[in-house]
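Working notes, structure below.
Values reported hereafter were calculated over all heavy atoms of this structure, with side chains retained and with hydrogens, waters and symmetry mates removed.
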Amino acid sequence: MFSGIVETVGIVSEFVHGEESVAMIVETDANFSNLENGESISVNGVCLTVVESNDSKFRMDVGTETLNKTSFKNVKPGDRLNLERSLTFSSKISGHFVSGHIDQVGQVTSIEKKPGEVLLKFSHPPFLDPYIMEKGSIALDGISLTVFNCKGNSFNVSIIPFTWNHTNLNTRKIGDLINIECDMIGKYVYKACENLINP
């Protein structure tokens, strides 16, 4: 479980395809060291397992299902990835509960830089409509954000300068894919109401 508050940005140093998976090695700074083998890490919003690490990099194995369902299918060496350790009982939750299980991949359709913020617009598959609510929470590449202007299978987010400078959003271009995880509480509420209406 994660909170959607990015701790640091890592850089892909190797992305090696095997027969049924990919070995991804990510370089990071000293503040994100002391990882344990088997530890869960949010990598661009995807919950992955550390299989090997040292003070400057760590390796994870990415399976075929994850490659097919996330933006990792387009990852290449040099790409910047948002990183967050899993929550502990003493963790401060400044964002919202994020599971690291991606619902679908969206696409950047607009980037507008304004004084004090950057407005980004994303398209998404129609089946996500019930789970993306005006002023609701969403995780985009593992970043906890608030959505608005939800219509026509698209939504906007407003990015403050701190988030813009401390995540990989500042490398995004129109047409780029982004991992979407809708608010899990909203999904549970929707499912419960659906079951009441259609028992």
Side-chain angles (χ1 to χ4, degrees), residues 2-6 9-12 15 22 24 42-48 62-76 78-84 95-191 193-194:
F2 309 94
S3 69
I5 303 300
V6 174
V9 175
I11 299 175
V12 179
F15 199 73
V22 165
M24 180 163 62
S42 172
V43 183
N44 268 13
V46 183
C47 182
L48 296 177
V62 183
T64 303
E65 176 72 7
T66 301
L67 285 174
N68 291 337
K69 294 294 178 64
T70 70
S71 64
F72 286 157
K73 54 178 157 283
N74 289 346
V75 164
K76 59 187 181 303
D79 283 355
R80 293 162 57 83
L81 303 174
N82 298 321
L83 305 175
E84 180 190 354
H96 70 283
F97 286 119
V98 178
S99 69
H101 302 152
I102 303 304
D103 290 306
Q104 191 54 261
V105 172
Q107 191 169 39
V108 181
T109 59
S110 174
I111 302 173
E112 182 182 0
K113 295 184 179 180
K114 303 179 72 174
E117 66 176 345
V118 179
L119 299 179
L120 289 95
K121 187 174 185 178
F122 300 92
S123 63
H124 64 82
F127 77 86
L128 290 184
D129 267 343
Y131 313 118
I132 301 178
M133 297 157 283
E134 196 75 17
K135 305 302 180 184
S137 295
I138 198 166
L140 301 178
D141 272 357
I143 308 166
S144 176
L145 296 167
T146 302
V147 300
F148 66 95
N149 197 26
C150 306
K151 57 185 178 183
N153 301 326
S154 68
F155 61 87
N156 285 77
V157 296
S158 172
I159 308 300
I160 62 172
F162 182 89
T163 304
W164 184 254
N165 293 327
H166 289 83
T167 68
N168 70 355
L169 284 178
N170 57 34
T171 67
R172 292 301 183 201
K173 304 179 296 297
I174 292 175
D176 281 357
L177 299 181
I178 194 162
N179 295 319
I180 297 175
E181 182 186 335
C182 301
D183 181 21
M184 67 170 68
I185 295 176
K187 288 188 287 188
Y188 291 149
V189 170
Y190 180 85
K191 186 65 175 178
C193 292
E194 188 179 49

Can you tell me how far apart [atom1] ([X]) and [atom2] ([Y]) are? Round to the nearest 0.5 Å.
| X | Y | atom1 | atom2 | answer |
| --- | --- | --- | --- | --- |
| Gln107 | Ser154 | CD | OG | 12.0 Å |
| Ile159 | Arg172 | CD1 | CZ | 11.5 Å |
| Thr167 | Phe162 | OG1 | CZ | 9.5 Å |
| Gln104 | Glu181 | CD | CD | 13.0 Å |
| Leu145 | Phe155 | CG | CZ | 8.5 Å |
| Thr66 | His101 | OG1 | NE2 | 9.0 Å |

Is the side chain of [X] donor-acceptor paired with the backbone N or O of [Y] at a distance under 3.5 Å, no angle test?
| X | Y | answer |
| --- | --- | --- |
| Asn74 | Ser71 | no |
| Asn82 | Asn168 | yes |
| Glu84 | Val43 | no |
| Ser42 | Gly100 | no |
| Asp79 | Lys76 | yes |
| Asp183 | Ser137 | no |

Item to check | Intermediate values then yes/no, side-chain contact (heavy atoms from CB on, under 4.5 Å), Leu119 and Lys114 | outcome: CA-CA 7 Å; Leu119 299 179; Lys114 303 179 72 174; 3.5 Å; yes

Work out which heavy atom in [X] is nearest to a heavy atom in [Y]; give both atom names and the distance.
| X | Y | result |
| --- | --- | --- |
| Ile132 | Cys150 | CG2-SG, 4.0 Å |
| Pro130 | Pro126 | CD-O, 4.4 Å |
| Gly142 | Val6 | O-CG2, 4.2 Å |
| Arg80 | Asn170 | NE-OD1, 4.4 Å |
| Val9 | Leu83 | C-CD1, 4.5 Å |
| Phe15 | Phe72 | CZ-O, 3.5 Å |

Checklist outcome for this item: Exactly one candidate in Leu120, Val105, Asn44, Leu169 meets side-chain contact (heavy atoms from CB on, under 4.5 Å) with Ile178; the answer is Leu169

Checklist entry - Quick one: side-chain hydrogen bond (donor to acceptor under 3.5 Å, both in side chains) partners of Asp103, sequence neighbours excluded? => result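 By the side-chain hydrogen bond (donor to acceptor under 3.5 Å, both in side chains) rule, Asp103 matches Lys187.
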
Item to check | By side chain to side chain contact (heavy atoms under 4.5 Å, CB included) - contacts of Asp129 (at least two apart) | outcome: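 Side chain to side chain contact (heavy atoms under 4.5 Å, CB included) list for Asp129, sorted by chain: His124, Asn153.
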
Do [X] and [Y] have side chains that get closer than 4.5 Å, going by heavy atoms?
| X | Y | value |
| --- | --- | --- |
| Ile180 | Leu140 | yes |
| Phe122 | Val108 | yes |
| Leu177 | Lys73 | yes |

